[in-house]
Protein chains: 2
Amino acid sequence: MIKGEDAPKRREHGLDRAMDLMEALRRAREPMRPNELATLLGAPRSSVHEMVGRMLALGLLDAADGDGRVFLGRKLYLFGIAYLESSRGLRLAEAALERITAETRELSQFCALDGNRYVVLRQRESARPFRISADTGQPIPIPQTASGRLLVSDLGDDEIRALIPPEDFRTPAGAPIDPDGFIAEVRAARQAGVFSFDSMADTFTHCFAVPVEDASGRVAATLCIVAPIDDANANRDAYVACLKAAAEPLHGRI
Amino acid sequence: MIKGEDAPKRREHGLDRAMDLMEALRRAREPMRPNELATLLGAPRSSVHEMVGRMLALGLLDAADGDGRVFLGRKLYLFGIAYLESSRGLRLAEAALERITAETRELSQFCALDGNRYVVLRQRESARPFRISADTGQPIPIPQTASGRLLVSDLGDDEIRALIPPEDFRTPAGAPIDPDGFIAEVRAARQAGVFSFDSMADTFTHCFAVPVEDASGRVAATLCIVAPIDDANANRDAYVACLKAAAEPLHGRI
DNA sequence: AGGTATTGTCCGCTATAACGGACATGTGTA
DNA sequence: TACACATGTCCGTTATAGCGGACAATACCT
């Protein structure tokens with residue numbers, strides 16, 4: 001199973017290359033030139049040019065601006081809509097979020113892992129005057145999130161260390177996060193069925209997260225509340241109870 | 001440019017095959033087995049099996065249910081979100097829809113072509129008690145829609161006939177639509193800068209559509225209002241004026 | 001203007017991915 | 001039970017897609 005160290009001229013499969021291109025554009029969050037993509041990925045320029053051309057023809061990429069820059073295409077948006085409308089998990093989650101925000105008046109989120117990063121799949125914004133919001137779908141280092149403690153809790157210590165890139169053990173501000181302490185929090189969170197802490201993204205919010213289990217009992221997603229710190233302190237028990245109650249009908253149905 | 005008629009054992013490129021699979025699943029709107037997909041597409045079973053396996057590993061497809069059925073994967077949803085958040089056209093359209101529905105209290109839509117079909121890309125629902133809604137992203141035969149008259153209006157007569165499949169010249173109920181009459185409506189709609197008719201999808205709504213032009217002056221999308229027939233009759237001029245005003249800032253920016 | 005760097009295009013080579021067909025397994029029916 | 005059919009897996013063959021490198025065109029400095 002272990003491959004040789006000296007990569008002896010691997011020739012990449014087209015689909016993998018296409019995937020790399022789309023992921024690179026998603027991370028960049030802005031259009032790029034074929035050559036930029038090639039250098040960023042360390043891929044042959046000619047291959048990237050040909051692949052970009054083919055993806056443009058299919059609508060997987062769209063031409064941006066006047067020059068040669070490209071970005072994710074409209075086809076991907078249409079596929080995304082189809083996924084959204086046909087995913088039982090997301091439909092159930094939507095109902096759960098509605099219920100949570102209706103009851104608590106706080107921002108609620110449905111989150112999962114995307115590879116080795118955390119992402120918000122759906123969120124329900126509160127009707128508060130000062131609205132707390134976040135970017136849906138944006139990959140975030142796992143250790144920076146409350147949900148992250150739960151989403152990796154089915155893995156062993158070594159698996160967790162192998163999954164999370166070392167550079168992700170840092171706060172948004174750049175301060176290091178201790179892997180041992182993180183893993184300790186992971187174990188405690190899974191045990192308690194909840195994790196909460198003051199957000200690392202700002203200084204005025206507190207995040208609660210509870211697990212949503214799949215049919216085999218593994219943590220497949222989380223439900224979260226992001227609340228102003230004062231609210232969080234005042235309503236901690238009610239918020240946690242609300243989250244757990246909302247997660248109940250989702251277990252085994254994700 | 002013209003290929004030989006007798007397809008002499010064409011071997012399909014992997015990316016095209018993957019695209020065919022995803023499109024088939026999108027049209028089916030439900031999970032399918034690899035074999036179903038193979039027979040539906042007329043593709044080799046072994047190739048489809050291998051491709052499905054690779055796409056599952058990449059997250060482009062997800063396993064559905066317990067058995068071997070697959071559907072569009074979460075990755076596609078995440079790409080769709082990235083497109084949505086980075087598309088200037090959709091952002092502008094969102095603002096236009098908000099304005100239209102705020103002013104008219106009617107359902108407004110932003111539409112475009114997806115290949116040879118019409119799709120709703122974004123919509124803004126009215127706050128009416130009897131809400132009129134439609135499925136976003138679902139491909140619909142061009143002749144069944146008011147927007148369709150505008151979206152093909154940059155093509156010549158022959159190009160229009162070549163683009164639209166013969167079976168699409170039918171109402172949802174199955175009644176035939178005359179291609180010549182359709183093309184006449186196309187020309188009149190482009191001339192007037194608006195098209196409206198009673199919806200073919202039901203018996204109680206009326207649809208208005210105005211074009212949104214790209215930088216080269218071609219119709220790249222449409223803005224629409226779907227209203228109860230009585231409202232449409234009572235407010236025709238105001239609705240058309242509202243649509244044209246909302247479309248104005250979008251021209252050349254799509 | 002001259003020179004350097006960057007980007008897009010073209011083309012032959014070859015590793016390999018799509019294919020076809022055989023095999024194995026499971027499922028429903030007579 | 002036996003048969004027919006559908007589905008997943010494996011493997012050798014061969015068309016071809018990804019690669020590397022050369023070339024051309026353009027932009028950006030000095």
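Order of the sequence lines fixes the chain letters, A, B, ..., with proteins taken first and strands second; residue numbering starts at 1 for each chain.
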Could you check how far CD of B:E50 sits from P of C:dG20, rounded to whole Å? 13 Å

Once salt bridge (charged side-chain N to carboxylate O under 4.0 Å, His left out) is applied, do any residues pair with A:D202, and if so which ones, sequence neighbours excluded? none

Suppose we screen for side-chain hydrogen bond (donor to acceptor under 3.5 Å, both in side chains). Which residues come up paired with B:E85, at least two apart in sequence or across chains? A:R29

I need the CE-P distance between A:M55 and D:dA17, as an integer number of Å. 16 Å

side-chain contact (heavy atoms from CB on, under 4.5 Å) against B:E213, all qualifying residues, sequence neighbours excluded: B:R190, B:H251

Check whether any side-chain nitrogen or oxygen of B:R54 sits under 4.0 Å from OP1 or OP2 of C:dA18, and answer yes or no. yes

Produce a footprint string for nucleotides 23-29 of chain C: one letter per nucleotide, 5' end first; B if the base is under 4.0 Å from any protein heavy atom, S if only the sugar-phosphate is, - if neither. -------

Taking only residues two or more places apart in sequence or in another chain, which ones pass salt bridge (charged side-chain N to carboxylate O under 4.0 Å, His left out) with A:R253? none

Distance check: side-chain N/O of B:S46 vs OP1/OP2 of C:dG20, anything under 4.0 Å? no

OP1 or OP2 of D:dG8 under 4.0 Å from side-chain N/O of B:H49: yes

For this output row, return yes or no: ring centroids of A:F169 and A:F182 closer than 6.0 angstrom. yes

Grab the CG-C1' distance between B:D16 and D:dA17 for me, whole Å please. 12 Å

Any residue meeting salt bridge (charged side-chain N to carboxylate O under 4.0 Å, His left out) with A:D214, in chain and number order, not counting sequence neighbours: none

Side-chain N or O of A:R11 versus OP1/OP2 of D:dT16: is the shortest distance under 4.0 Å? no

Rounded to the nearest angstrom, tell me the gap between atom CG in A:N35 and atom C1' in D:dA25. 13 Å

Side-chain donor-acceptor pairs of residues 113-121 of chain B under 3.5 Å, sequence neighbours excluded:
residue: B:D114; atom: OD1; partner: A:K75; partner atom: NZ; Å: 2.6
residue: B:D114; atom: OD2; partner: A:K75; partner atom: NZ; Å: 3.3
residue: B:D114; atom: OD2; partner: B:R26; partner atom: NH2; Å: 2.2
residue: B:R117; atom: NE; partner: B:D168; partner atom: OD2; Å: 2.8
residue: B:R117; atom: NH2; partner: B:D168; partner atom: OD1; Å: 3.1

Angle of first-five versus last-five pair axes in the helix from C:dA1-D:dT30 to C:dA30-D:dT1, to 10 degrees: 40°

Those residues that, when tested against B:E98, pass salt bridge (charged side-chain N to carboxylate O under 4.0 Å, His left out) (two or more places apart): B:R124

Using the side-chain heavy atoms of A:H13, tell me which of these nucleotides is nearest: D:dG8, D:dC19, C:dA17. C:dA17

Please identify each residue that fulfils side-chain contact (heavy atoms from CB on, under 4.5 Å) with B:A24, with sequence neighbours left out. B:L37, B:L40, B:L41

For DNA chain C, find the residues of residues 17-24 of chain B with a heavy-atom distance under 4.0 Å and give them by number; none if there aren't any. B:R17

Over all atoms of both residues, closest heavy-atom pair of A:M200 and A:P143: CE-O, 3.6 Å

side-chain contact (heavy atoms from CB on, under 4.5 Å) filter on B:E36, not counting sequence neighbours, yields B:M32, B:R33, B:R69

To the nearest angstrom, how far is A:R33 atom CZ from C:dT6 atom C1'? 9 Å

Could you tell me how far apart B:M32 (CE) and D:dA6 (P) are, to the nearest whole angstrom? 15 Å

Tell me the interatomic distance from B:L15, atom CG, to D:dG18, atom C1', rounded to whole angstroms. 13 Å

Less than 4.0 angstrom from a charged side-chain N to a carboxylate O is my criterion; do A:R54 and A:E50 meet it? yes

Whole angstrom value for the distance that separates P of D:dG8 from CG of B:L37: 10 Å

5' precedence on DNA chain C between A:E36 and B:S47 (nearest-nucleotide basis): A:E36

